[in-house]
Number of protein chains: 2
Amino acid sequence: MPTIQEVAKKAGVSVATVSRVLNDNGPVSSNTRKKVQAVIDELNYQPNLLGRNLRRSETRMILVLLQNISNPFYSKIVKGMEDTAHENGYNVLICNTNTDIDLESIYLDFLKNKLVDGVIFTCTAMVTAEFNKLAKNYPVVLCNEYNKDIKAPIVTIDNEIAGYEATSHLIKLGHKKIGMISVNNVGSSYDRMKGYMRAIEEAGLEVNDDYIVYHTFSYKGGMRGIKQLFELDDPPTAVFCISDLIAVGAIKELKSKGLRVPNDVAIVGFDNNSIAPMYDPSITTIAQPRYDIGKKTMEIMLQRIKGSGNNNYIVKLEHDLIIRESTLPSID
Amino acid sequence: MPTIQEVAKKAGVSVATVSRVLNDNGPVSSNTRKKVQAVIDELNYQPNLLGRNLRRSETRMILVLLQNISNPFYSKIVKGMEDTAHENGYNVLICNTNTDIDLESIYLDFLKNKLVDGVIFTCTAMVTAEFNKLAKNYPVVLCNEYNKDIKAPIVTIDNEIAGYEATSHLIKLGHKKIGMISVNNVGSSYDRMKGYMRAIEEAGLEVNDDYIVYHTFSYKGGMRGIKQLFELDDPPTAVFCISDLIAVGAIKELKSKGLRVPNDVAIVGFDNNSIAPMYDPSITTIAQPRYDIGKKTMEIMLQRIKGSGNNNYIVKLEHDLIIRESTLPSID
DNA sequence: CTGTTAGCGCATTCAC
DNA sequence: GTGAATGCGCTAACAG
């Protein structure tokens, strides 16, 4: 593990010169450059970034906080972030928070302790006031999650319109009794519900509060949601699920009740999760422009690190309704 | 962003004393300790880890290389790694390699450049010789993937026995024509195939080479595998798939051919992926002790960092056969 | 074009 | 029990 000193000595130059060829800045004669490079290659020298980072007071690392790496939804988002980061000489680190506030706080120390230059949140267990304080002092960007009080750059889609389109699709198929399986306390699902309600009202139908149920963001949440909806005297004939995972649970539960999808009940999911086209039936869903979301998020992050851009804006990207088997017009 | 200097000044002590209370080592009178701590709290001081890491020449960070974070199989493995790391004062960083050798090489530079203390591979695009050279010089552990020529600690299950049990399960159900959808060039799948062949031979049946097909480690690989197997004049009545994702593709393709699972064809997957219990039918599979695999891998990593343990051993943990709908005795 | 030097923030040895 | 001084490896100002 040679140091820059040893390289300099062996090449018969000063450390400054070695540093110059290493970083390819400052003037170096092509002759000494060649000489130094030869020694670098010979010794297989790799600069110790601990020294460089301390000196430069930056690491060119961006930390991305994920609630759970196994959520396939974030895969392409992260890819968009990575590509953009790499193009700009930055690297992406990923950490799992499991919605654990203590764990999240450890990773935030990476930021405060200068181990990373910025943090991208795809979820947070922090209260808004605390988050805003953090965002005021450090480069922080929110991706795909928000509430109205947050003061930090946010990249997302227009969830209200997406919810409107998903619901309108069901209405156009002739459904009049449309349920919704949602989750509590999440800004994006609140907006999706507003869109759901607007679509129903604009169609001249009535919003039935019993048709809106709240469960967890999971397969099991979907199963429980269907159970609750089908305990009603007059259950819905279509259900808009806040996520594809919930939709999968919903379909599985409907099947176990002997109901067919889409023949007896139509289902719409959300996210275009990788499971959506694979499931049986394949699931109609809202596709988010995940790669672009990641890309845009990273662009804003890099701007913030450079000090430009203000702290208080929201970017909304375009989504798509993808129609699959789970809402095909019934064959019967 | 105060430095240790400013804390020392404000507290009226030397930086050495501040450092002592920070790290809780070396003698400090309880009085000055209290005084210093008060200033630390007041200034909200957080040590700059760039300085500390350079000085200590360690970062207490372990990098975990994943081919793709969205593979839910690794979620619990990573959790096991994280818990073990945290218990020992280490943190886990995750990076996506996408099986891209250039990307992998960037992340390996983190190790060579002292940004992380060790790297855990769950996959690698490197050739064995290169890998072995790396493993000789740096703390490196392989998790769940291997080939016989690799000289580094490896944590995995006994894939030969697992393949044997999966196949034997199908034989016990009365199947005599058992296909296998595998992938090429992966040590674990090679071992699973050996187990598959041993089970068939021990049952007095014959291995039919046409029944073993190779495709990619994916949903589409499963669809193609079934297509190939069912072009045969005498197709199998049961198929052992090297992964649950392949099993999902296989089932989807069988259904589209009008064949029922398990009534017409029985399917066994591998990994107990989160999709396995959710799919319709739910999938019989081999469950790996994922959390323990992660835990053990990290334990070995920490040993290697401390310099103990040799470089050339393999740890095999216990697996389980989980029987679900996809191999239920046919109703017909 | 090249070398000398200072210092990033911290932990640690050695005096006292 | 405490402080002064050194240096981890590197970059960047400055001088030549």
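Within every chain, numbering begins at 1; the chains are lettered A, B, ... in the order of the sequence lines, protein sequences first and strands thereafter. Any value given below was found using the heavy atoms of this structure, including those in side chains, with hydrogens, waters and symmetry copies removed.
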For [X], give me all partners under side-chain hydrogen bond (donor to acceptor under 3.5 Å, both in side chains), at least two apart in sequence or on another chain.
X: A/Ser218; answer: A/Thr216
X: B/Asn44; answer: none
X: A/Ser14; answer: A/Thr17

Span of DNA chain D in contact with chain B (heavy atoms, under 4.0 Å):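 Boundary nucleotides touching chain B, in 5' to 3' order, are D/dG1 to D/dG9.
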Partners meeting ring pair (Phe, Tyr, Trp, His ring centres under 6.0 Å) with [X] (sequence neighbours left out):
X: A/Tyr74; result: none
X: A/Phe217; result: none
X: B/Tyr291; result: none

Reading DNA chain C in the 5' to 3' direction, which nucleotide is the first one with an atom under 4.0 Å from a heavy atom of chain A, and which is the last?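 With heavy atoms of chain A under 4.0 Å away, the range is C/dC1 to C/dG9.
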Would you say [X] and [Y] make side-chain contact, with heavy atoms under 4.5 Å?
X: B/Met81; Y: B/Tyr90; result: no
X: B/Ile40; Y: B/Leu22; result: yes
X: B/Leu93; Y: B/Phe110; result: no
X: A/Thr156; Y: A/Lys316; result: yes

Looking only at the side chains, is there a donor atom on one of [X] and [Y] sitting less than 3.5 Å from an acceptor on the other?
X: B/Asn71; Y: B/Gln67; result: no
X: B/Tyr146; Y: B/Asn159; result: yes
X: A/Ser75; Y: B/Asn68; result: yes

Distance-minimising heavy-atom pair for B/Ser189 and B/Val183: OG-O, 3.4 Å
Please work out which residues in residues 10-32 of chain A have a non-hydrogen atom less than 4.0 Å from an atom of DNA chain C and list them by number.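 Output list: A/Gly12, A/Val13, A/Ser14, A/Ala16, A/Thr17, A/Arg20, A/Pro27, A/Val28, A/Ser29, A/Thr32.
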Any residue of residues 44-61 of chain A with a heavy atom less than 4.0 Å from an atom of DNA chain C: A/Leu54, A/Arg55
Going by the salt bridge (charged side-chain N to carboxylate O under 4.0 Å, His left out) test, which pairs reach into residues 9-38 of chain A, not counting sequence neighbours? A/Lys10-A/Glu42, A/Asp24-A/Arg33
How bent is the helix from C/dC1-D/dG16 to C/dC16-D/dG1, comparing axes over its five end pairs at each side, to the nearest 10°?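 It comes to 40° between the two terminal axes.
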